[in-house]
Amino acid sequence: MFQATREQSLGPVEEDDLISGEHSDAPRDLEPGRVQGVMTFAGHLRSHLSLVLQLLCLLLCAVLLVAILAQVSKVPSCHQQVPSKTQEIRRDVMQLKAGLANLCRPCPWDWTFFQGHCYFFSKSQRNWHDSVSACQDVGAQLVIVRSDEEQFFLQLNAKSRGPTWMGLSDLKKEGTWHWVDGSPLMLSFMQYWNPGEPNNHQEEDCGEFKNNGWNDDQCSKDKFWVCKRPTAPCEAA
Ligand code: MAN
Ligand code: CA
């Protein structure tokens, strides 16, 4: 219907003209690509060349756009990298802390932990004064007994090792016993002397763990010794 209407108003129009919407008054025989009113392949190509070129151009633009987008997505963004680096560092710090916590001990190697303190039981023997110095050299004291539990723990260890010096003497005044920190021996601890001790037999001014209790002996004798020091807790920074 539409075609018929146009043919009537505009005169005979080639089918291609109707499709392309073009209509020229130039003689048909002069148009290149048109032989005896029939459009050849070259003619088709020529008439659609600009459309093909436009499509090619569009395609090229699309390819270029995709290529640019692909490149841009590969470039690391500052906003993405900084937090990921920070997270990496945080993770490393957490791992190091966990490793440190595993290594962390309340007492040094070769020391024994008991009720919040560290104890060093010597393997060699020294006189009482050298034992006091040995403990001071490692930031400790020749042991001062503060509780019944501690006494039991120390006595048991000394019994298995042999006679062991403690930080107790009456060097300043015969018969008045003091610990190495200057504090007096409490009456409640007198129960730990072995039966008949302290007897000051041949001038005995230094205290030791011997068998099941305490004894006074000559300070010049070489014996094992026990050092005591506070624990060194690992700081959780
Ligand atoms: C015995 C007792 C003790 C004394 C020691 C000294 O065991 O006489 O009182 O201290 O010998 O070796
Ligand atoms: Ca004695």
Side-chain angles (χ1 to χ4, degrees), residues 97 99-237:
K97 274 186 178 176
L100 201 65
N102 278 340
L103 290 172
C104 196
R105 289 164 191 276
C107 299
W109 301 109
D110 275 356
W111 289 60
T112 305
F113 175 82
F114 179 79
Q115 291 191 346
H117 284 85
C118 303
Y119 296 85
F120 175 76
F121 295 92
S122 76
K123 287 156 198 76
S124 58
Q125 301 189 29
R126 294 185 179 190
N127 65 44
W128 189 85
H129 285 96
D130 287 349
S131 297
V132 169
S133 302
C135 291
Q136 286 172 347
D137 289 349
V138 291
Q141 275 180 325
L142 193 56
V143 76
I144 296 172
V145 185
R146 298 286 190 203
S147 73
D148 294 339
E149 294 92 338
E150 189 180 19
Q151 160 58 22
F152 184 80
F153 161 71
L154 293 167
Q155 195 71 53
L156 208 67
N157 270 284
K159 200 179 176 184
S160 64
R161 289 161 199 266
T164 303
W165 288 127
M166 66 176 79
L168 183 68
S169 78
D170 68 345
L171 285 161
K172 278 191 176 171
K173 189 182 174 196
E174 179 55 42
T176 304
W177 294 87
H178 283 92
W179 297 105
V180 285
D181 67 348
S183 61
L185 176 64
M186 308 286 281
L187 279 176
S188 59
F189 285 89
M190 298 299 264
Q191 59 175 309
Y192 297 124
W193 289 111
N194 280 329
E197 306 298 341
N199 63 358
N200 197 33
H201 174 73
Q202 295 179 351
E203 203 56 44
E204 298 174 322
D205 295 330
C206 292
E208 65 167 341
F209 298 97
K210 187 179 181 182
N211 300 325
N212 295 315
W214 298 359
N215 176 48
D216 58 341
D217 208 342
Q218 293 168 347
C219 302
S220 57
K221 288 187 181 173
D222 285 345
K223 297 177 190 289
F224 294 108
W225 71 93
V226 196
C227 302
K228 176 184 177 181
R229 52 165 270 186
T231 52
C234 296
E235 297 296 329

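Please read all numbers here as calculations on a predicted model, not as lab measurements. Both ligands and their constituent atoms are indexed starting at 1 by order of listing. By convention here, the first residue in the shown sequence is residue 1.
Minimum-distance N/O/S atom of E197 relative to the Ca ion (ligand 2): OE1.
For E204, the nearest N, O or S atom to the Ca ion (ligand 2) falls under 3.0 Å. At least one N, O or S atom of N199, from either the backbone or the side chain, sits less than 3.0 Å from the Ca ion (ligand 2).
In summary, the atoms of ligand 1 found under 4.0 Å from a heavy atom of N199, numbered by their order in the structure, are 3 (C), 8 (O), 9 (O). Taking every heavy atom of D216 and a limit of under 4.0 angstrom, the matching atoms of ligand 1 come to 10 (O).
With respect to R126 and D137, no salt bridge is recorded, no charged nitrogen being found less than 4.0 Å from a carboxylate O. Of the charged side-chain nitrogens involved, at least one lies within less than 4.0 Å of a carboxylate oxygen, so that K228 and E150 count as a salt-bridged pair. We find that D217 and K210 are not joined by a salt bridge, their nearest charged nitrogen and carboxylate oxygen being 4.0 Å or further apart.
The number of heavy-atom neighbours closer than 6.0 Å to NZ of K173, taken from other residues, nucleotides and ligands shown, is 12 or below. In F152, the CZ atom is not crowded: 12 or fewer heavy atoms of neighbouring residues, nucleotides or ligands sit closer than 6.0 Å.
For the pair N212 (side chain) and N194 (backbone), a donor-acceptor distance under 3.5 Å is absent. The backbone N or O of N211 sits less than 3.5 Å from a side-chain atom of Q155, completing a donor-acceptor pair.
N215 contributes OD1 and D216 contributes OD1; the angle these two atoms make at the Ca ion (ligand 2) is 90°, rounded to 10°.
At a heavy-atom distance under 4.0 Å, only side-chain atoms of K221, from C-beta outward, approach ligand 1. The side chain of E197, and not its backbone, has at least one atom closer than 4.0 Å to an atom of ligand 1 (non-hydrogen atoms only; side chain from C-beta on).
For H201, no nitrogen or oxygen atom sits less than 3.5 Å from a nitrogen or oxygen atom of ligand 1, counting backbone and side chain alike.
Of the protein's non-hydrogen atoms, the one nearest atom 4 (C) of ligand 1 is E204 OE2, 3.1 Å. Closest to atom 11 (O) of ligand 1 among all protein heavy atoms lies K210 NZ, 4.2 Å.
Taking both residues in full, the closest heavy atoms of W111 and C107 are given as CB-CB, 4.0 Å, listed atom of the first, atom of the second, then distance.
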